[in-house]
Every structure is written in C-alpha cells, then in structure tokens.
Amino acid sequence: MKVMVFDVGGTEIKYSVMDDTMNYYESGSVPTPGDSQEHFLETMAEIYRPHRDEVDGIALSLPGFIDAEHGVVKGGGAPSIIYNIGTPVGPRLAEKCGCKVWIENDGKAAAIAELQRGVLKGCSNAAVFIIGTGVGGGLIVNGQLVRGRDFTAGEYSFMNTNADEWNNGRKTMACQCSTTALLDAYRERKGLPADAPMNGRIFFDAANAGEPEALEVLEKFCFAVDVQIYNLSVLLDLEKVAIGGGISAAEALLPAIQAELDWLFERCTVMPTVKPELVRCRYGNDANLLGALKLFFEQNPA
C-alpha cells in the first residue's frame, strides 16, 4: 500500500510516494503558492495525478490549527490566504483528486513520528520543536499526543515572550525562535538590507568559521529557544526535547542550544526542575512526512 505524502511549509511543499514500511519511491519539492487557495490545492493535485493508479490516498502535513478528523484548518499558519478559518482543505483536496485525504498539523505529525519510531519512543512527557519559517511543535503527555480542544496545543509560534509588552507582535516565539528570526537577526547584526539573500547554510558557514557576529547571534537565538524549553519543562516535567526543522541538520546548532540550556538550569534558583535531555529528531526534516504517513495508515488500515 502506497500513499502520496505532502509536507507544506512556508516556502516549499515537499512530497514523496511512500509505503507502509516508510520506503521512498519518488520525492521532490515545489514552491508553496501564496496567491490563492485554488492554486495551492491544484499544485498538489498536479503532483498527485501521475501517481493516482499506484497510491491509495494522500497524507498531508501543514501548519495551522488542524481538525484532523474533519480535514479542516481552523486557523494559524502561513501564507494566510491559504489558511482561512474553517477551510476544509482535506475534503476539497479529496474532491479534486478523487481519493482519501488525511491532514495533520506539521509539528504534531513530527511528534508522532518521533514518539512511535524515533528519539521519543518510550517517553511519557516530551516535546518536539520544529524550527522553520515559524516554530511548530508537538507535545507528548502521558505517552499521548496532545491536540487540545481547539487543536492549538504545541503551537509555540504564538507564545508571548514578554508580558510587559503584550501587544508587541514581535514578542512571540515565531519572531524570536524561528529560522526566520535567526536570519533576520544576522542581517541586522551585519548591517545588511532586510531583503539581502540569506539562508541557514550561509549563516552556519559563518558560525562554523568562527565569525564573531554569527556566533553572537547564534548565542542569543539559542538562549531565546532555551528559555521556552525551560518554561515547558516546568509545566510538563519533560524527559526529552527533540529539535527538528531544516536547520536542525547543522552540526553547530544542538551544541549551542545545549550550552545555553546548561547555563540556564545551572543558574535557576526559583524552580528546582530536572533538565530534559536535548536530542535531534531522528527523522530530521522528514519527520513531518513520516508522521503524516503513520497517521494516514492508522485512520485507513489496509
């Protein structure tokens, strides 16, 4: 049994034909359309159609508050034109392609992949941090994925980071703990224009070369991430935190996050909490795809 799996990000849609043993048969990516919802759906339909005779449906991972049971995007995510509140992405794509469609939030899909077959296997309480255009995530409590009444559990991007500036939209995890935030901070530190070409590879090449500006930005970024890891650890007594997203592959990232996390916990005198183990997602940037695939098979057994 094969499935067409899509992982929608803010900049690109990754796709792959996969089977129930997680073998890949074809993979690729295309830019994420941001001009209309119809263009967004048609882009995935065009990728699906040449494979419709070999696959049994579509598994879709995407940002936003996802009602997986009904295939509806309740809010959140980007680009905003795609994610209007109440958008029935699942049913619309199913109608367009003539097949079964299962959708799930990207961070929650990654958490399922890591819980069932990855670095979080056997954990009671754990968290996944997907560092990308925003900050996605998934929370595992008592060995179960938490979705929440309104499907917003684990949506770290929207966490306010400063109560003294509650109305400041920049004081959120999306604007402080995402890849976008990291690269914006580096441009600013280097005195580059806001639209100067920049990506994770350029930044980490500079950091690996020991560039002072890059190392300074990386330290501040990791501290911002670790403050939120600390807060979640106080709330949920986390055993492990798995870091995912494109930049998680950079060798310098986890040691830098670990160093700031050690510093935080060593100096904490307010709350005696045990430091969680910091790990890289086993499935890296493919965790979203694999989790969506796993959830599809759970809902559509052969």
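Along the sequence shown, residues are numbered consecutively beginning with 1. This one's a predicted model, so the numbers in the text were calculated from it and none came from an experiment.
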(message) For a 4.5 angstrom cut-off between non-hydrogen side-chain atoms, does Ile243 reach Cys281?
(response) no
(request) Kindly give the heavy-atom pair with the smallest separation between Ile130 and Ala110, and that separation in Å. (result) CD1-CB, 3.8 Å
(request) Answer whether the closest heavy-atom distance between the side chains of Phe297 and Val3 falls below 4.5 Å. (result) yes
(request) Could you tell me whether the side chain of Lys96 and the main chain of Leu41 form a donor-acceptor pair under 3.5 Å? (result) no
Donor-acceptor pairs are to be reported for all side-chain atoms of residues 139-151 against protein atoms at under 3.5 Å, with residues two or more places apart or in another chain.
{"unit_1": "Arg147", "atom_1": "NE", "unit_2": "Glu104", "atom_2": "OE2", "d": "3.0"}
{"unit_1": "Arg147", "atom_1": "NH2", "unit_2": "Glu104", "atom_2": "OE2", "d": "2.6"}

(request) Not counting sequence neighbours, which residues clear side chain to side chain contact (heavy atoms under 4.5 Å, CB included) with Thr161? List them please. (result) Lys171, Met173, Gln176, Gln228
(request) Determine whether the aromatic ring centres of Tyr186 and Phe204 lie less than 6.0 Å apart. (result) no
(request) Please round to the nearest 0.5 Å and tell me the distance separating atom SG of Cys99 and atom NE2 of His51. (result) 12.5 Å
(request) Verify the distance criterion only: is there a donor paired with an acceptor across the side chains of Asp106 and Ser61 at less than 3.5 Å? (result) no
(message) Can you confirm whether Leu183 sits close enough to Phe203 that some side-chain heavy atom of one is under 4.5 Å from a side-chain heavy atom of the other?
(response) yes
(request) Look at the side chain of Thr32 and the backbone N and O of Gly9, then say whether any donor-acceptor pair between them is shorter than 3.5 Å. (result) yes
(message) For Glu69, I'd like to know if atom CD has over 12 heavy atoms of other residues, nucleotides or ligands within 6.0 Å.
(response) no
(request) Measure from the side-chain N and O atoms of Thr152 to the backbone N and O of Glu155, and report whether any donor-acceptor pair falls under 3.5 Å. (result) no
(request) For the residue pair Phe129 and Ile229, establish whether any side-chain heavy-atom pair is separated by less than 4.5 Å. (result) yes
(request) To the nearest 0.5 Å, tell me how far Leu254 CG sits from Arg280 CZ. (result) 5.0 Å
(message) For Lys275, is there an ion pair with Asp262 - N to carboxylate O distance below 4.0 angstrom?
(response) yes
(message) For Phe40, run the side-chain contact (heavy atoms from CB on, under 4.5 Å) check against Leu93, Asp35, Val8, Thr87 and tell me which one passes.
(response) Val8
(message) Please check if the number of heavy atoms outside Glu216 that lie under 6.0 Å from its CD is greater than 12.
(response) yes
(request) State, with a plain yes or no, whether a side-chain heavy atom of Tyr283 is found less than 4.5 Å away from one of Met22. (result) yes
(message) With a 4.5 Å cut-off on side-chain heavy atoms, are Phe223 and Trp263 touching?
(response) yes
(request) Report yes or no: is the cationic atom of Lys100 (NZ for Lys, CZ for Arg) under 6.0 Å from the centre of the six-membered ring of Phe296, at an angle within 45° of the ring normal? (result) no
(message) Do Leu215 and Phe221 sit in one hydrophobic cluster, given that two such residues count as connected whenever their side-chain heavy atoms are within less than 4.5 Å of each other, even indirectly?
(response) no
(message) Test your reading of the model: is there a side-chain donor-acceptor pair from Asn105 to the backbone of Phe65, 3.5 Å cut-off?
(response) no
(message) Tell me whether Asp19 contacts the main-chain N or O of Asn23 through its side chain, where contact means a donor paired with an acceptor under 3.5 Å.
(response) yes
(request) Name all pairs fulfilling the side chain to side chain donor-acceptor pair (under 3.5 Å) condition that reach into residues 108-128, sequence neighbours left out, sorted by first residue then second. (result) Gln116-Glu298
(message) Regarding Glu42 and Arg49, does a basic nitrogen lie under 4.0 Å from an acidic carboxylate oxygen?
(response) yes
